[in-house]
There are 2 protein chains.
Amino acid sequence: MKQEERSQETRSRILAAAEQSFAEHGYDVTSVDTICHAAGVSKGAFYHHFPSKGSVFVALLNAWLAELDRQFAAAQTGGESVPRQVAAMAAGVNEIYHVAGTKWNILLEFWAKSKADPEVARSTVEMIRRYQGFFQQLLDRGVSEGSLRVENSNLAATLVLSAVLGLLLQGILDPEGQDWGALMQRVLSMLMESMSGGKP
Amino acid sequence: MKQEERSQETRSRILAAAEQSFAEHGYDVTSVDTICHAAGVSKGAFYHHFPSKGSVFVALLNAWLAELDRQFAAAQTGGESVPRQVAAMAAGVNEIYHVAGTKWNILLEFWAKSKADPEVARSTVEMIRRYQGFFQQLLDRGVSEGSLRVENSNLAATLVLSAVLGLLLQGILDPEGQDWGALMQRVLSMLMESMSGGKP
DNA sequence: ACCCAGAAACCGACCGGTTGGTCTTATTAT
DNA sequence: ATAATAAGACCAACCGGTCGGTTTCTGGGT
């Protein structure tokens with residue numbers, strides 16, 4: 001199986017180069033030639049593996065969605081209390097952020113391209129809704145386990161999700177302005193605290 | 001002064017057409033010819049008033065910044081209590097949102113283009129920081145007037161700003177999914193309530 | 001072991017179309 | 001008259017995508 005190996009290799013190199021370039025310079029600015037050059041691959045190879053430039057983009061987006069699901073699944077296995085679990089997630093984001101802050105930039109590309117490509121739009125909307133569902137489920141569990149006190153879990157989940165998205169957005173736009181990873185942790189812990197019953 | 005009038009007229013028509021098209025289809029997809037056609041203006045006129053396509057974009061961005069300052073100034077003149085003032089602002093956003101939801105789309109374009117254009121980046125960062133400063137100042141006023149109780153106004157302002165940005169983002173990405181204007185009001189009122197001291 | 005035929009992977013020159021921007025010419029206001 | 005404003009034909013550069021051809025792999029016949 002040497003052929004499939006080689007094939008997968010070039011395919012993943014194209015994807016990696018595209019992700020890098022999309023994140024750093026944006027989708028439209030990045031030409032197919034640029035991707036091919038960065039991946040050390042010819043244009044023929046590119047169009048052998050992908051039918052179009054856009055298909056690479058949606059492949060990347062779907063990979064993100066899959067990764068997201070993996071994260072969700074992993075987060076739900078632990079037996080921690082909800083506030084602790086949220087803190088752990090925030091810490092995870094913080095770590096990833098410090099290792100590869102540029103990684104998040106492509107999110108903005110996904111969002112921006114939503115207006116032009118219906119398929120991208122579907123995926124981004126789905127992404128948001130999954131997050132919303134995840135947080136709501138999480139908060140509900142916190143309520144039922146007694147670690148949280150929330151009147152309207154739907155609204156509260158919206159608040160948490162919005163805060164996270166807003167923080168992410170600011171981190172992408174102004175990476176040097178703040179330690180957004182740390183800020184994410186503090187904001188989330190503040191939110192968790194305010195949702196954990198009255199003030200003793 | 002008939003000549004300057006005419007000049008301003010075409011200039012503003014170009015700006016309006018560009019804003020519309022940028023918001024609806026995106027910056028890169030919108031060609032100069034498209035803008036000219038939509039504005040009912042020739043390419044010569046376009047390049048008479050603007051040195052480049054990009055300059056129209058930053059002109060639009062600066063107009064947004066100026067409008068933002070106007071809103072801030074207007075918001076600070078009223079003698080309302082801070083929670084009420086926030087509610088009024090949310091109501092204002094809600095109203096604008098229902099009248100012209102598409103209007104906000106261009107924000108995403110501004111953000112997405114930050115990575116490619118340093119000038120755009122400066123402006124968007126400034127935009128965010130002004131918002132942050134505004135909210136922090138607002139919360140501080142709330143504390144000093146006794147209507148709010150906040151431990152760390154900086155962090156709290158970050159939370160409010162993040163929530164607003166996240167809600168805005170979701171509204172742009174999934175306009176049909178929720179009544180984001182109404183949600184903005186509810187989330188902000190929820191935040192204000194949680195910041196208004198203990199629970200009586 | 002060797003060969004060969006077909007398939008899969010890859011190459012890069014090339015094409016049609018589009019785009020941002022220029023330039024010459026015409027119109028309008030002063 | 002003349003300077004500001006507008007018109008639109010035009011251009012060079014680029015870009016996504018195609019296509020004919022080449023290399024590399026694989027599996028079977030001998």
Side-chain angles (χ1 to χ4, degrees), chain A residues 1-22 24-61 109 112-113 115-120, chain B residues 1-61 106 109 112-113 115-120:
Chain A
M1 268 200 203
K2 210 108 149 269
Q3 191 160 171
E4 173 152 357
E5 208 173 280
R6 186 163 64 115
S7 182
Q8 284 297 335
E9 165 78 14
T10 54
R11 187 187 156 89
S12 62
R13 284 176 68 171
I14 291 170
L15 284 174
E19 180 165 23
Q20 158 74 24
S21 198
F22 288 164
E24 193 154 357
H25 308 294
Y27 176 85
D28 294 286
V29 174
T30 301
S31 73
V32 175
D33 279 323
T34 302
I35 298 172
C36 292
H37 189 262
V41 153
S42 77
K43 219 167 181 180
F46 181 97
Y47 280 99
H48 176 75
H49 287 279
F50 298 95
S52 67
K53 180 187 173 186
S55 71
V56 175
F57 191 69
V58 314
L60 248 19
L61 180 47
E109 288 300 312
K113 280 289 151 246
K115 290 291 145 192
D117 186 335
E119 192 175 354
V120 175
Chain B
M1 267 200 203
K2 211 98 154 276
Q3 191 160 164
E4 171 153 359
E5 209 172 279
R6 187 164 67 118
S7 183
Q8 283 297 335
E9 165 78 13
T10 54
R11 186 187 156 90
S12 62
R13 285 175 65 169
I14 291 171
L15 250 13
E19 180 165 23
Q20 157 74 22
S21 199
F22 288 165
E24 194 154 356
H25 308 295
Y27 176 84
D28 294 287
V29 174
T30 301
S31 72
V32 175
D33 279 323
T34 302
I35 298 173
C36 292
H37 188 262
V41 152
S42 76
K43 221 167 180 180
F46 182 97
Y47 280 100
H48 176 75
H49 287 279
F50 299 95
S52 68
K53 181 187 173 186
S55 71
V56 175
F57 191 68
V58 315
L60 248 20
L61 180 48
I106 203 174
E109 289 301 312
K113 280 290 152 240
K115 291 291 145 190
D117 186 334
E119 192 175 353
V120 174

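Just so we're on the same page: letters track the sequence lines, and every chain starts at 1. Remember, it's a predicted structure, so these values are computed and weren't measured experimentally.
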Protein-nucleotide distance (B:Glu5, atom CD; D:dA6, atom P), rounded to Å: 12 Å

Side chain proximity check, B:Arg13 to B:Glu9, heavy atoms < 4.5 angstrom: yes

Residue-phosphate contact under 4.0 Å: A:His49 side-chain N/O, C:dA8 OP1/OP2: no

Atom-to-atom span, CZ of A:Arg6 to C1' of D:dT23 - whole angstrom: 8 Å

Spacing between A:Arg13 atom CZ and C:dC10 atom C1', to the nearest angstrom: 13 Å

Backbone N/O of A:Gln8 and side chain of A:Ser12: donor-acceptor pair under 3.5 Å: yes

Nearest-0.5 Å distance, NZ of residue A:Lys53 to CG of residue A:Asp28: 6.0 Å

A:Ser42 side-chain N/O to C:dG12 phosphate OP1/OP2 under 4.0 Å: no

Whole-Å distance separating the CD1 atom of B:Ile35 from the P atom of C:dG21: 10 Å

Atom-to-atom span, CD of A:Glu4 to P of C:dA8 - whole angstrom: 12 Å

Gap separating the CG atom of A:Leu60 from the CG atom of A:Leu15, nearest 0.5 angstrom: 6.0 Å

Donor-acceptor under 3.5 Å (A:Lys113 side chain, A:Gly54 main chain): no

Atom pair CD1/CZ of B:Ile106 and B:Phe57 - distance to nearest 0.5 Å: 6.0 Å

Backbone of A:Ala18 reached by a side-chain donor or acceptor of A:Ser21 within 3.5 Å: no

Phosphate OP1/OP2 of D:dA6 contacted by B:Thr10 side-chain N/O (<4.0 Å): yes

Between C1' of C:dT18 and NE2 of B:His37, the distance in whole Å: 17 Å

Nearest-neighbour nucleotide for the B:His48 side chain, D:dT5, C:dC11, D:dA7 considered: D:dT5

A:Gln8 CD - D:dT24 P separation (whole Å): 20 Å

Under 4.0 Å protein heavy-atom contacts per nucleotide of nucleotides 11-19 of chain D, with B for base, S for backbone only and - for none: ----SBBB-

Euclidean distance, atom CZ of residue A:Phe50 to atom P of C:dC10 [Å, nearest integer]: 11 Å

